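Report on the structure given below.
This structure is a prediction, so every number in the text was calculated from the model and none was measured.
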Amino acid sequence: MATLVPRVHLLQAQGQGCPGLRFLEPEAFVEELTRLSFAIVCCPKEVAQPVACAMQRAEALLSIPAATGLCLNYKRQKDLKQRLQVRRTGQDLQASAEDDPRVLASSFEVMEAVAQASMEAWCDSQGVPTQAAKSHFGDLSFGEEAYPEQGQQGQESAIGKGKSVLNLYHYFNQDPSEEPCRQHADPGLVTVLCLSSTKKGLEVRLPLRPGGAPGKSATYDEEWQDVEAAMDSALSTKRTARAEPESERSGRSGRSGQDEFCFLVIAGETLERLSAGQHPACLHRVAHISEPRFNMAFELRPRCNVWHPWQQLEKAP
């Protein structure tokens, strides 16, 4: 099996609290997302602190009760896995900073910010005006105002919920003959994942060439690559490269690897369609391992189905 050696792409915070994020080298990020169908990104650890906290409390969060301001959907697939799906509503969240609902909501915001930065980098690289793109396929979770559900005539419409989702997964890994999550590509624009509790299990098939035309699928390598090992290795390599004497580091504006948190951004099927087949969706699976596995994934989904390339959407009335 070929060794997977991706780059690490840095995100820089803009603002206080849960800030917006932007790539230091957006062109390099988009190039890697196109070449591999995924990219490894890092952001300041203080920004990603809610996600780190959520991963530490993942088992407890999976049994969280209903929370005002969040739409929660729990699903268990026999003895294979369980999932908590979180969507945001237009209602204010009533919880303290340490409560489980607040940890979930803050994690949603952080991973959403990574997804937004990824889509904005893609829009810029394609010459697509970001605001115009949002008006076509934007979601409550992509910087747009809420799109409420249809209310009764003469009454204020009900609070809507975003299309984008934060999923918390628990893979039991009790049966070696069962694959916890079979090969698939996510339907949305991009998905943001963090390193799982086991740091292994997530595998990808690399695209050999894009489809290159609407409706034409990309061609993929037959081998599965351990992408979480590549994430861990890339971050470790980055930390080693930055472990310089203080005299050599003085005057530099970079951050040390120990101050950063690692995410994985993968391309979805909607992004592949939006790019007219130029940006392959990421084929991935979760393989069986010998221990339980917890992970989180935020999927940025469009408000409506996107079946055509941006050039055609832009011309649509």
Residue pair P280 / A218: nearest heavy atoms and the distance that separates them: CB-CB, 3.8 Å
Side-chain donor-acceptor pair present, E112, S164, cut-off under 3.5 Å: no
Carboxylate-amine/guanidinium contact R293 E228, below 4.0 Å: yes
CD (E269) with more than 12 external heavy atoms under 6.0 Å: yes
Co-members of L283 in a cluster of I, L, V, M, F, W and Y side chains, linked at under 4.5 Å: Y220
R83 versus Q77, side-chain donor and acceptor atoms under 3.5 Å: no
Nearest heavy atoms of L264 and L202, plus distance in Å: CD2-CD2, 3.7 Å
Over all atoms of both residues, closest heavy-atom pair of P180 and N173: CG-OD1, 3.2 Å
From CA spacing to verdict: side chain to side chain contact (heavy atoms under 4.5 Å, CB included), V41, L10: CA-CA 6 Å; V41 305; L10 297 180; over 6 Å; no
Geometric class of the Y169/Y171 ring pair [parallel <30°, tilted 30-60°, perpendicular >60°]: parallel
Ring pair (Phe, Tyr, Trp, His ring centres under 6.0 Å) contacts touching residues 174-209 (sequence neighbours left out): H184-H284
Minimal non-hydrogen separation, L70 against A105, with atom names: CD2-CB, 4.3 Å
E25: salt bridge (Lys or Arg N to Asp or Glu O under 4.0 Å) partners, not counting sequence neighbours: R7
Hydrophobic cluster identity match, L166 and L62, side-chain contacts under 4.5 Å: yes
Ionic contact status for E120 with R22, cut-off 4.0 Å: no
Check against salt bridge (Lys or Arg N to Asp or Glu O under 4.0 Å), R205 and E222: CA-CA 7 Å; R205 287 174 57 191; E222 291 298 321; 3.3 Å; yes
Candidate pair N295 and C194, rule side chain to side chain contact (heavy atoms under 4.5 Å, CB included), full reasoning: CA-CA 7 Å; N295 202 7; C194 54; 3.5 Å; yes
Salt bridge flag under 4.0 Å for residues D100 and R57: yes
Verify same cluster id: V103, L72 (apolar side-chain graph, 4.5 Å): yes
Salt bridge (Lys or Arg N to Asp or Glu O under 4.0 Å) against E272, all qualifying residues, sequence neighbours excluded: none
Listed partners of E179 passing salt bridge (Lys or Arg N to Asp or Glu O under 4.0 Å), at least two apart: R285
Parallel, tilted or perpendicular, as decided by the 30° and 60° cut-offs, for the rings of F23 and F29: parallel
Side chain S106, main chain P50, donor-acceptor under 3.5 Å: no
All side chain to side chain contact (heavy atoms under 4.5 Å, CB included) counterparts of P6, not counting sequence neighbours: L4, E32, L36, F38, I40, A230
